[in-house]
Every structure is written in C-alpha cells, then in structure tokens.
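Structure first, commentary second.
Labels below follow one simple rule: chain letters A, B, ... track the order of the sequence lines, proteins then strands, and each chain is numbered from 1.
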Number of protein chains: 4
Amino acid sequence: MTPSPERRRQLLATAAEVFAAQGYSATTVRRIADAAGMLAGSLYYHFDSKDSIVEEILRGFLDELWGGYDAVLGAGLGPRETMQALVTESFREIDRHGPAVAIYQKESAALAARERFAFLAASQRRFETTWLTTLERGGAAGVFRADLDPRLTYRFVRDTVWVAASWYRPDGRHSPEEIARQYLAMVLDGIAVQASEEPDGTAQSIAE
Amino acid sequence: MTPSPERRRQLLATAAEVFAAQGYSATTVRRIADAAGMLAGSLYYHFDSKDSIVEEILRGFLDELWGGYDAVLGAGLGPRETMQALVTESFREIDRHGPAVAIYQKESAALAARERFAFLAASQRRFETTWLTTLERGGAAGVFRADLDPRLTYRFVRDTVWVAASWYRPDGRHSPEEIARQYLAMVLDGIAVQASEEPDGTAQSIAE
Amino acid sequence: MTPSPERRRQLLATAAEVFAAQGYSATTVRRIADAAGMLAGSLYYHFDSKDSIVEEILRGFLDELWGGYDAVLGAGLGPRETMQALVTESFREIDRHGPAVAIYQKESAALAARERFAFLAASQRRFETTWLTTLERGGAAGVFRADLDPRLTYRFVRDTVWVAASWYRPDGRHSPEEIARQYLAMVLDGIAVQASEEPDGTAQSIAE
Amino acid sequence: MTPSPERRRQLLATAAEVFAAQGYSATTVRRIADAAGMLAGSLYYHFDSKDSIVEEILRGFLDELWGGYDAVLGAGLGPRETMQALVTESFREIDRHGPAVAIYQKESAALAARERFAFLAASQRRFETTWLTTLERGGAAGVFRADLDPRLTYRFVRDTVWVAASWYRPDGRHSPEEIARQYLAMVLDGIAVQASEEPDGTAQSIAE
DNA sequence: CATGAATGAGGTTTCATTCAT
DNA sequence: GATGAATGAAACCTCATTCAT
C-alpha cells in the first residue's frame, strides 16, 4: 500500500520527534514504537538498531544541509552575503527538519566520540572551516569587525543559529526566511540602537 | 545524612562533570563512582539517588545564580547596564560551575516536565520575566531596537549566553568578565562593521 | 499441504545443511530462507514450524537407515558380517544424507527429551539393542573379544561411526564402501601392527 | 565469606553443566542463573556476557589439557607410549572437566568461526599436528599399521576419545585410567579376536 | 565509609510465527 | 508460492538501588 521508503521516512520523522523531545539516551525504543503505532520489536523490521535510527536521521540532515551550503559556497558571494545565505539556509533546514537539527544540536557532542558517528566530527570540522573562512574573509574585507576573535565569533554564530531549533515551530506565523532576516539583524547589527541606525519598524512578534 | 560536606561537594563536582560530558540519562551511576574512585553502591552512602544528585547540582547552580541576579536587579540600573551586569554574572557562573550550567542548558527542558524538577520550570519562568522586563524597559527607553520582537530577542540572548557553557574552559586565557565583554559587544552591536563604529582593536584570541 | 514434493525435498536439504553447520538452536529460520532464496515467512507455506523441519529431516534419515539395517538384520548373517554390513550401511547413509546424520549426532540427545521427538529416543533404544545383540552374539561365537565390556564397545562403535558425519564430504576420492572398509579395519583389528598381521598396503589417502 | 575466585569457579562449573546438557545456543542465561540460585542479571556481576562464560570454560579446559599434553610430549616417549599417555591424559581431563570437554566436542566447530573463539581453531591445528606427528612416527617405526591413511586415523582417534565425554560419568565404577586402558585396547588392537591374541579377561562392565 | 554481591525492573534486540496482499 | 509487515514472547544485558559485612 504505502511504498516502503515512504514508511521508513514516516518512522524516521516520528523517531526524530521523540528523540528531540526526550533526548536520545532517555528515549526508549518502545516509546518510538508507541508513537508509530506498533510494537517495539516491529521497528527492527525497518531498522537495525536504535543507533542506526539516529544515524540515519543525522546523516539525512547533514547531507541535505551540506547540499544547501555547498550551493551557497559555490556561488561566489561576498562574505556578508555568504553569511546571510548560510544562516537563511540553516533556518530553512530547521523549518524542514527541526527535530533532526535539535538532535544534532543536543546529542552530537556526545555521539561524535563513538566510531560509528565519526561523520559528525568530520562535519563539525567542515563547519568550522567554512565559517572561519567566511568570517576571516569578511574581516579582511572590512565588513566584519576586526576587534573580535573569529573563533569566538564562530561559536557565537554557530550556537546562536542551531539553538533556535529547540524552540522553533514550523507552524508559526513567520517563514524561515523572515526569522533568518531578524536573526541576521541581531547578529550583524546587534540589539542595541546604533547611533546611525534608522529603525524601519517592520519586525513583528513571532509565534512560538 | 553525613558529616562531611566537603566530600559531598567533591562528589557533586565529579558527577557534574560526567553529566555534562555524557548527558544525564546516558551517564551511569557507576561511571560517576569510577570517576570518584569508588564503587557504585558506595555513592548511596552520600546520596539518595541519581536524581537527587542532579537535583542538588541544579539547585546549587540556580541558587547561586539568582543570588547574583537579584543583587543586579535590586541595584536600580538602567536597562543596558542591567543587561551587561546579568550577562557578566552569567559568565561568572559559567566560570565557577561550568558543568552545572551545561547540564542546566542541555537537560532542563526534559527534566522540567517531572514533578521533582518543577523548580526548573519555575526558574525558567522567572528568567523569562526578568529578561523580557529588562528588554522592554530598554525598548521603551530607546536603548534597544524597537524593530525586534522582544520574545525573539529574549531567546536569542538567553541561548547565546548559556550555550557558551558547552565550550567554555575555565583555564582559558581570558577572565569571564573579558568574555562577557566581547559577548556583549556582539549581542549589543553586532559583528558587522557599523557606519559610525570606531573599532578599538583590543579583542584577542580566546583559548578554548 | 502442497503439490510440489520436489521443492520440499530441496528445502529440506538446504535446511539440513544449515542445521548441520550451525546447530539447530543457533540456526534461525531466516538463515534457512536466505540459503533457499526466499523470505523467512515464505517457509511457512511449506512447513508448519522450525521443529517440523528438523523432525522431517530426522524421520527421513531414520526411516531410510532402518530400512537398510532391517534388510541386513533379516539376512541371517554371522556377527562379524552383520557388523560389517551395518557399518557399511551407515557410511552409505552418511554419504547420501550427511547433514541429516550430523544433525542426528549432535542434536538428538537434546531433542529426544521433548515429546515431539520421542521417536529419537525409541530409535536410540533400538540401536542399542541391535548393536548389543550383534556384539554379544559375536562374543559368544568367539569372533569378538571377550575381555571388553559390550556396552563400552557399543558406545565406541556407535560414536566412532556417526561422528564421521561431521567431517565426511561426499565429493571425496573414496566411495563410502571404501571408507567403511578402512574404518572396519581399524575398529576390528586396531591401528597397531599385530604380530600375525600381513599388511596389504592397499589403503590410500582419503580426501577430506 | 567464600572468596571471589571460588564463587567464579562454582558458577563456571554450573554453567558448563547446563551448556553440556542443553547445548550452548539452546541454553538461556536464566537457566544458568536458576541452576546457580540467582537471578539472570546477577550473573553479569561476575561475567561480561554469555559468550565470555563459554570462552572462560573452554580456555580453562584447553590450558589444562595442553599442560598435560606438553608434559607428555616433552617426555621423549616412543610413539605407542606417547599415544597411550595422550589418551590417558584425555580421559583424566574428561574425568575432571567432563562438561567442558563435552562443550568443546559439540560446540567448537560452530564457535571457531567467530573471531572471539579463534583460539579454538588454533588449538585444533595444534591437535592435528600433534597427533599426525605421533601417528607418522609410529608408522615409520613400524608400530602403527602402514596401510591406513594417517589423516583418517587421526580423525578416528580424536573423535573416538572426545566423544566419550558425552556419556562418561565421573562417579562410575572405573577410574579414568582404567577406561583409557580399555579404549586403547580397542583402538590399538581392535575389537575382533586376533589370531595371535591371548585374551586376559580382566575387563569388566563400566557403569554409565 | 566503602565493598561485594545481589535484586528487579526495564531496556534493546532476536526470532519464530502469522497474515493480508 | 512468495512478499512485506507486523506480532509477541523471550532472549541477552544494563543499571539504579539495596544491604550485610
């Protein structure tokens, strides 16, 4: 009836929600099965193990994300535009796969230590390189402040964006692009009123 | 239960480190005991349960933090100065009790749902009120931008600060006050070069 | 249940090989299905259960074996010739249904305790009677040594023959009759050089 | 009270009996625990896994056995005496650790395929070398028949001895040395009356 | 204070079996 | 005849917790 890959995707989505809500380790395989309307053992018809479920969730997320990032990085944009595009891309990913991003944010530090999840560590290194390069290019070009440690800035931007996955709800009133715009406004220009600033007053409340 | 509060504090510190590194649920009581150089069962001479260990860690953290926050809030500062003081206070707490903050950041969402940890939810509500009030005072006073949704800004600031606990190392080259200063520079003024800005070039690299 | 007895026989042969190689309990129904090129569930079109598969394998083996044994026992041979004929018959069975014999050898002790496999215990009793009678007839007739406990000799002969199923390969260089001949040479006359012996030098290497 | 290594040995002995009786795979960890008077989970205080239990049983058996074998092989005996000593040693091992030998006999073929049990395969190769060398020495010296394939003889002797572990009971009427003597009488001189033979009539019934 | 040994609940996983298609 | 998906029982194992010593 429903073709197999579709069922798999449903189950992965269900599992991702539970993992995101309870934490990977605190989530029992039975809770996932409950949420999917089946018995715990039945999950093993579709997946090898609990580990393989998160692995598939995280790989799917990273593959898609890097697809978007690579497109941005290959577009030959300036540093500020690159940053804007990367952040927008990230919020789109949060919009589409919020639970996967939340899992990534909360669990990858602990998981990355395990051989099976070495790809997480690899991806983290690529993130760092990507962002540092962009920030340093911006520093050299005079569009990003020179008085900030780029590694500190990198962590600031990285965490600030991903942590949004823990509260973002895709059914809110604003598109991911709109949220990205407001986030970028804060990250780039700060929340304080600047001497030269001309507030445009367009920002509105974002539903939780 | 026992006469030696110093041993207790050592054990709590050890437990906090393990919890912070592995996650609460993924940490076994035996791992804590290993790290403390004793057998798992021996921990129960000092503590009632695993839950009571995190509880004590988190209560200790929150008590200390609110001590500092209340002092700031009672000092009659302006919104910008209040914000600066709160963020500085937070980094001091990260400096002193990094693992506790990391646990709070990662686990409190899941724990808060349980009766025993209702104090976490209460504290979260107090956080929200405190920050929203400060941000709104700042908005009314014209020191914080009016074009940003305060609830979005609140989450942005909150996450941005606490998440630092996951990478901050107390043995780094900079004092928590210095890190707070740089963080505030980013949050308040952004990472982009502003038209009116006079970079002072004092920021330096912060060791991980 | 089904019209194709040939398919059934194929499946039984496949199952017997897997059981012989891995042991009955350690063999999963899925492994058998894999070896047969189908899914586990599909086996249940042909057989009622895993138990019924071994049962059929073992019954088939014992029926055929007793057919041969009964022919020998009814032929009115002397004890030494009876023994030679029984051993030869056994090696023919090993040749034709090696895996079934190996299963019988390894699993029948454990299976025989179960009601369903009572026929194994019955067959074992018949074996014992048959061999003991033959050996005792031979003792009385002076063709078998009188200084050996017949029950010990029985076990010696029985195990010595059946255990060969675990290494015998039907594609070796020697016919089962030839192997039986050499085995009988050892069992009857020993491996030591006898004072009166006239070695004929005909024995050759037997392929594994 | 009872010191730890002693408890361990008790548990291993209990486990060995159950494994020998039911087969490794068919034995549940709970059955072992039942036999030991504890709960299944409690076994894991003493052992890492079911696998590690058999491993320890088999290693213990092989270590002890090779201790005895090496002493024999280093004694500079002739081939016939070497064979007699090895068989006697084997029956002593069956006497002391019957269940371990039975497990070895029934399970080692299947287990040896697994990395963890590679030591079984190694030991099997050493067995083969040891026996083949002895048999060939005997063939060259004219004490073992030259008309038999040594590899066939090797299997015959090997199986014939070990398989006795499946019926031997240490509380029987005969010492292991006495059983070895009778077994050697059969293996060396056969069960048939030889032309030159002088039966001494000393052999008696051996209780099962 | 700490250990060694155990408990008991529950977790992940396996597996024979069923059944609609 | 076979598949795909699921069931349910039971397997192995983990782990917080207890307690006599």
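With hydrogens and angles ignored, the 3.5 Å screen pairs a side-chain donor or acceptor of Lys50(A) with a backbone N or O of Thr27(A).
In this structure, Tyr45(C) does not reach the dG1(F) phosphate: none of its side-chain N or O atoms is under 4.0 Å from OP1 or OP2. When the side-chain nitrogen and oxygen atoms of Ser42(B) are compared with OP1 and OP2 of dC1(E), none of them lie within a distance under 4.0 Å. Remark: Arg8(D) is not in phosphate contact with dA5(E), judged by side-chain N or O atoms under 4.0 Å from OP1 or OP2. Put simply, His46(A) has a side-chain N or O that comes within less than 4.0 Å of OP1 or OP2 on dA6(F).
The nearest whole Å value for the distance from the CE atom in Met38(D) to the C1' atom in dC13(F) is 15 Å. The separation between Leu43(B) atom CG and dT18(F) atom P is 13 Å, rounded to whole Å. Asp48(B) has its CG atom 8 Å from the P atom of dT18(F), to the nearest Å. In this entry the distance linking CZ of Arg7(A) with P of dT3(F) reads 21 Å, nearest Å. In this structure, Leu39(D) places its CG atom 4 Å from P of dT7(E), rounding to the nearest Å.
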Pick out the pairs of N or O atoms, protein on one side and nucleotides 10-12 of chain F on the other, that lie under 3.5 Å.
residue: dC12(F); atom: OP1; partner: Thr27(D); partner atom: O; Å: 3.4
residue: dC12(F); atom: OP1; partner: Val29(D); partner atom: N; Å: 3.4
residue: dC12(F); atom: OP1; partner: Lys50(D); partner atom: NZ; Å: 3.2
residue: dC12(F); atom: OP2; partner: Val29(D); partner atom: N; Å: 2.8

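Identified under the side chain to side chain donor-acceptor pair (under 3.5 Å) test for residues 30-41 of chain C, with sequence neighbours left out: Gln22(C)-Arg31(C).
Annotation: side chain of Tyr24(D) is not in contact with side chain of Lys106(D) (no heavy-atom distance under 4.5 Å).
By the 4.0 Å N-to-carboxylate-O rule, Arg59(B) lies too far from Glu56(B) to be salt-bridged with it.
Among the duplex regions that DNA chain E forms, those built from at least three successive Watson-Crick or G-U pairs under 3.5 Å are E:2-21 with F:2-21, ordered by first number.
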